[in-house]
Peer 1: 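Quick one: the structure is below, questions incoming.
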Amino acid sequence: MIYHNAESNEFHLQTEKCSYIIKVSESGHLINLHFGNKVAHRANFNGLDQRFNVKLGSTTNYAPEHGCLTLETLKLEAPCYGKGDYREPALHISYPDGSRTSDFIYKSYLVHDQKPNLDGLPHSHSPDSSNSDVALTIVLIEPVKQLELHLHYSVFEKTNVISRSAELINNSKELVNVDRALSVCIDFSDANFDVIHLEGKWTREAHIARQAIHKGVFQIDSKKGVSGANHNPFLALARPNCEESSGECYGFGLVYSGNHQCSVEVSPYDFTRIMIGINPFDFCWPLDSGEKLSLPEVLMTYSNQGLNGMSQQFHQLVQNHLIAAQWNNYPRPIQVNNWEATYFDFNSNKLMAIAKQAKALGIEMFVLDDGWFGHRDSENSSLGDFFDHQKKLPGGVARISKKVKALGLQFGLWVEPEMISIDSELYKAHPEWAVQLPDRSPSLGREQLVLDMANPKVIEHLFTELSDLFSRASVDYIKWDHNRNFSDIYSNYLSRQQQGGFAHRYTLGLYQLLMRLTEAFPDILFESCSSGGNRFDLGMLCYMPQTWTSDNTDALERMRIQYGTSLLYPPSTMSAHVSGRPSHQVLRNTSIENRFNVAAFGNLGYQLDITKLTKFEVKAVKAQIIFYKKHRQLLQYGRFYRLQSPFEHNQMLWIMVSQDCSEAILGYYQQQQESNGNLETPRLTMLKADSEYHIEGRPQYINIRTFGDLVNEQLPVSIKDRGVLHGIIANNYMHKVSPEAYQLYGDQLAAFGLPLKVQFVGTEMTEQVRYIGDVGSRLYHISEKHT
Ligand code: DGJ
């Protein structure tokens, strides 16, 4: 709902569970009265407009007619520098006369029954309101300099999300320079918060970091040209007592894939200011008379049901209102990807052997990764060239695609369109399309340069090349990679004044290309990738409904990465593969069952040489795929709860619950086997209290090598540890872990918990014992019993 109290000039944006109330102050500034728990709508909210109302020492009074009013203690929605607010501003603009003071004042408002479009930027669509008023635009004006700021708010009533984006319009006759334009500013009148964010790096993305906020500025950002794995464009503010399932928190996610900045500032008066948007660092945007600058959307949500409440609201928003509608609830295919199986070293025979084995295992899609084009046999060449590597693949991608499809598999292909190798035909023809400085030799990342996506000719060229490729290879899926960050930033296409906006112009060029391609090829399932999760953001998800979560597929590392990623992104956006052993990223050996148990909470794939699986592994993988297909809808689109964090505990738990709570899959994971451990009783509070549930462990197999010379305790026959017979049995015999089945009512699972069997304590291994081990895991299927 969107309410307007005309007399007090207040706007109340109300969802099912939260209220966002803003008003126009007596000075004309737009101020925030309340963001948080839902309050009933009232004729006015004067009582919430808490002020100091007293002369404060060492402050600047805004204007004589407003007495002691100082902007420093107002909760401003669009703060600028220059009129007495000394916190970080959202907007900073340089004018032709050299001045830099701005002051945006309320002008008018407009309520919409459709969400307004945001020029050139991805954004959420179609709010789920029961009411026809879904969006509000508040127009602010800079009366001296003739600029307008349009603040767009949308209300996702059922999802409990409010979005905000903005447009800055130059109505003056002269060019101004925008040095800083953040999308969102929200001020809270206290500082009793922890800040939570996702930090990381290559193969270690999305680790949850949490700390109390203090006076001064806390900031995360990206200067890499992409949103980056170092800091996801996301922040949460949580009350110190907020946990996964209880307490208050606020989440803010930026729908943008370029350089971002997210900051939390605690003022001398303990006001907390949160701001998110395009990184002002290395940003300067000349805005000519009549021009408009659109600022990316921010999704904001409030939860009084802990971090899970926040995440679930984001997950629903992403699924129902951010990704293209046709991919929501679409069963994401199980794929095999040849990258870690072959790297660059493959030929048609090898690929077809993998594809045939994939078919036999029940896999649904074959994805041909890097190395199929130009003369690309290593990282050193051919990016930019889209012609087939005929030597490696006679008949090219068209022939391989046809053969793969003849097996009854879908065909997917890897591309890295935003890049150029110096050793490429494209570079010979268009060196000026590479991002590099005219007077310096460029620094390389993964031996390659970035293409100038700010140049419309590059966009046109890529659209033509990719359209041709997608058609000739008849692709069902594209993995869109991006493997280096920016350096030597300079565009041959842009004017001197425009160079400062290169990173943003690059992002706009990318979005334009993605918009055109996804419109031209609506049936292709796109997956975004950037050396793993270096560009896992809400902006890319608007075009590509899934992302390669990390290059790290080690089961233990992935537990942490997927747990952290789920703070903002639903499992259906995370691609998760079972890879080889040992892990190529950390050289850790984990069992194929545990690798699957982690990957099952995402879009499942296999990325290892499946032609070399042992018989044991073949049988295990077949069973995994049958299980995944049977429960795919639940695993990809259920309601996801984090139960116990791997960042705080030895055991990690999460659960996927069907919307009607009749079914669930619990994932139980352990980092290290503990010696002589205790009983464990995880509480499951999300099921139906009165229903009886049957809980059964997924039949899982264990390689008898695990038991070393204790093997004879497990087998009916006596064999020698590491003897020939031991090897033969290990590769063929499927030793089942002890079966587990429990029967409890929903209220018991909530109040008492799930009474798991004790883990191995070093004495005996009977039916009553669970052996989980190091990096071990179990999946439990939970189903409501029908009487
Ligand atoms: C980086 C990706 O993250 C990998 O999965 C793989 O596609 C390689 N690039 C290929 O070069």
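All ligand and atom numbering here is 1-based and tracks the order in the structure. Everything numeric in this text was worked out from a predicted model, so none of it was measured. Hydrogens, waters and symmetry mates are skipped; everything else that's a heavy atom, side chains included, is used.
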Peer 1: Going by the angle between their ring planes, with limits at 30° and 60°, are Phe640 and His315 parallel, tilted or perpendicular?
Peer 2: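 Aromatic pair Phe640/His315 classed tilted.
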Peer 1: When you look for heavy atoms under 4.0 Å from ligand 1, do you find them on the side chain of Cys529, its backbone, both, or neither?
Peer 2: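 Cys529 to ligand 1: side-chain contact only, backbone stays beyond 4.0 Å.
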Peer 1: Are Phe346 and Trp372 close enough that their ring centers fall under 6.0 Å?
Peer 2: no
Peer 1: Phe373 vs Trp414 aromatic rings, parallel, tilted or perpendicular, using cut-offs 30° and 60°?
Peer 2: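 The rings of Phe373 and Trp414 lie parallel, inter-plane angle below 30°.
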Peer 1: Short N/O distance, under 3.5 Å, between Gly532 and ligand 1?
Peer 2: yes
Peer 1: Quick one: does Lys479 get within less than 4.0 Å of ligand 1, heavy atoms only?
Peer 2: yes
Peer 1: If you take the nearest heavy atom of each of Thr203, Thr553, Asp481, which one is closest to atom 9 (N) of ligand 1?
Peer 2: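 When every heavy atom of Thr203, Thr553, Asp481 is considered, Asp481 comes closest to atom 9 (N) of ligand 1.
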Peer 1: Ligand 1 and Trp414, any nitrogen or oxygen pair closer than 3.5 angstrom?
Peer 2: yes
Peer 1: Give the residue, atom name and distance (to 0.1 Å) of the protein heavy atom nearest atom 3 (O) of ligand 1.
Peer 2: Asp551 OD1, 2.4 Å
Peer 1: Closer than 4.0 angstrom, basic N to acidic O: yes or no for Asp369 and Lys479?
Peer 2: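 Salt bridge: yes.
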Peer 1: Picking from Trp548, Trp339, Tyr606, Phe596, what satisfies ring pair (Phe, Tyr, Trp, His ring centres under 6.0 Å) with His577?
Peer 2: Trp548
Peer 1: Below 6.0 angstrom between ring centroids: does that apply to His504 and Tyr256?
Peer 2: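 Between Tyr256 and His504, which both carry aromatic rings, the centre distance is below 6.0 Å.
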Peer 1: Looking only at distance, does Asp370 have an N or O less than 3.5 Å from an N or O of ligand 1?
Peer 2: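 Between Asp370 and ligand 1, an N or O pair is found under 3.5 Å apart.
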Peer 1: Among all the protein's non-hydrogen atoms, which is closest to atom 6 (C) of ligand 1, and how far away is it?
Peer 2: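 So the nearest neighbour among protein heavy atoms is Asp369 OD1, 3.4 Å.
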Peer 1: Show which atoms of ligand 1 fall inside a sub-4.0 Å distance from at least one heavy-atom site of Trp548.
Peer 2: 3 (O), 5 (O)
Peer 1: State which residues pass salt bridge (Lys or Arg N to Asp or Glu O under 4.0 Å) with Glu418; sequence neighbours excluded, sorted by chain then number.
Peer 2: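 Applying salt bridge (Lys or Arg N to Asp or Glu O under 4.0 Å) to Glu418 gives Arg535.
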Peer 1: Do Tyr343 and His584 make the cut of ring centroids closer than 6.0 angstrom?
Peer 2: yes
Peer 1: Please confirm whether Arg446 approaches ligand 1 to less than 4.0 Å, judged on its heavy atoms.
Peer 2: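 In this structure, Arg446 qualifies as a contact of ligand 1 - some heavy atom is under 4.0 Å.
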Peer 1: I'd like to check which ligand 1 atoms, numbered from 1 as shown, lie under 4.0 Å from a non-hydrogen atom of Asn483.
Peer 2: 1 (C), 9 (N)
